Amino acid sequence: MFLGECAFRKISLKDKILITTGRISSEMLRKAVKMQITIVASLTSPTERAISLARDLDVTLVGYVRGNHLTVYSKDERLKSGINEMS
C-alpha cells in the first residue's frame, strides 16, 4: 500500500515500517515523521543529514537491509523491544 493511499483512506501508520529500495534522504524522513512512521528502512545507506535528523526526531533508521544483515543508525532499542515481544 502506498503512503498516499493510506492518507486518503485515513489508515494509521503509527505501527508500520516504511521500507524503500532507494537512499533515505532527510526529506523522505520528514515525510515519514509527518505520517507518524517511527521506523524507516532501506536496502541502501541513508544520507548523513537523514541520520542526524533521525536521531533528532526519535526515528529508527535502518540501512543496508539484506538477508540477515542490517545497519541501524538510530534508535536501535525500538527494534530490540520488538524482537523481544515476538519471542
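Just so you know, these numbers use all the heavy atoms, side chains as well, and skip hydrogens, waters and symmetry mates. Nothing here was measured: the structure is a model prediction, and the numbers come from that model. Count residues from 1 along the sequence.
In this structure, S74 contributes its side chain and V59 its backbone to a donor-acceptor pair below 3.5 Å.
In terms of the salt bridge (Lys or Arg N to Asp or Glu O under 4.0 Å) criterion, residue partners of K75 (sequence neighbours excluded) are, by chain and number, D58, E77. In terms of the side-chain contact (heavy atoms from CB on, under 4.5 Å) criterion, residue partners of T38 (sequence neighbours excluded) are, by chain and number, R78. With sequence neighbours excluded, the residues forming a side chain to side chain donor-acceptor pair (under 3.5 Å) with T44 are S42, listed by chain and number. Residues that satisfy the side-chain contact (heavy atoms from CB on, under 4.5 Å) test with K14, not counting sequence neighbours, are S12, Q36.
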Enumerate, atom names and distances included, each donor-acceptor pair closer than 3.5 Å involving a side-chain atom of residues 16-23, sequence neighbours excluded.
residue, atom, partner, partner atom, Å
T20, OG1, G22, N, 3.2
R23, NE, S45, O, 3.3

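The closest side-chain heavy-atom distance from L53 to V33 is not below 4.5 Å.
In terms of heavy-atom proximity, I51 sits nearest to Y73 at CD1-CD2, 3.5 Å. Contact detail for L43 and R66: the closest heavy-atom pair is O-NH2, 2.9 Å.
The line from CD1 of I24 to CG of L61 is 4.5 Å long, rounded to the nearest 0.5 Å. Note: S26 OG to L57 CG = 10.0 Å, rounded to the nearest 0.5 Å. The line from CG of D15 to CD1 of I39 is 10.0 Å long, rounded to the nearest 0.5 Å.
Here salt bridge (charged side-chain N to carboxylate O under 4.0 Å, His left out) pairs that include residues 27-50, with residues two or more places apart or in two chains, number zero.
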